[in-house]
Amino acid sequence: MYLAKKPDKADPNEARLSRFTCCALSGAPLAAPAVVDRLGNLFNKEALVEALIHKRLPKALSHIRGLKDMIPIHLHPKPNAADQEVRFQCPVTGFEFNGKSQFLALRGCGHVLSVKALKEVKSSSCLVCHKEFDEADKMPINGTEEEVEVLRQRMEEERGKLKEKKDKKLANGLSGSKHAVAAVADAEKLENGKKGEAAPAKRFKAADHAPAHANKKVYASIFTSSNKSDFRETYSCRSLPLGRN
Ligand SMILES: [Zn+2]
């Protein structure tokens, strides 16, 4: 049973190697200018832009919607690698960009470094250009399933936030859309509500709602200190001056 298992399956090492050396779309050797998508896949920029323009992106890459979803990266060339399959390396450790070591792209500056380099040199700025970066700027290249899932969630979160921002802008702007009108109406209501609260005419007067048989003054005194007479009350208690009764 084990022996018969998928004999024609591609060598996983080969597959991993090609993910680091070839464009994930065209299959051509990776070359500058290169980009990563938001999930950490590598592309030659030209091939990806071309496919995007002509709407020829395969379904598997439908998460790439525009230029915003391409992060330009800078791969460090391996010396004397013209004819070799692996043409890039980590600028710090010299690890080959061949899928055997993990690599990260920094979202702000696009420099690609091995995970090992960033672990050894504990730095919050890029080891190549010294631009500061956050933990969230680290994009695993061809990462594990879990890493890709984290990137996917972040992408969706960012898209959600962007949409929220757009909606807000629409509501605040003078676009005359339904949103805007509704927002203005709401704001006015709120404003009036505040005024109403302050206006004495609209105040609730307990005495006006007293039951027919009740003494209005006494009834009102249940709710308020409307009988503002000769004694003071504090915020914490209804004072009962000595000798009042
Ligand atoms: Zn950098």
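Source: prediction; values computed, not measured. Both counts, for ligands and for their atoms, begin at 1 and track the order of listing.
For E147 (side chain) and T144 (main-chain N/O), a donor-acceptor pair under 3.5 Å exists by modelled atom type.
Residue L42 forms a side-chain contact (heavy atoms from CB on, under 4.5 Å) with just one option from L25, V36, T21, and that option is V36.
Counting only protein N, O or S atoms, the number found under 2.8 Å from the Zn ion (ligand 1) is 4.
Ring geometry for H111 against H74 counts as tilted: the plane angle lies between 30° and 60°, on a 0 to 90° scale.
Using a 4.5 Å heavy-atom cutoff, the side chains of L106 and M139 are not in contact. A 4.5 Å side-chain heavy-atom check between L67 and M70 finds at least one atom pair inside the cut-off. Contact check for N41 versus H63: side-chain heavy atoms found under the 4.5 Å cut-off.
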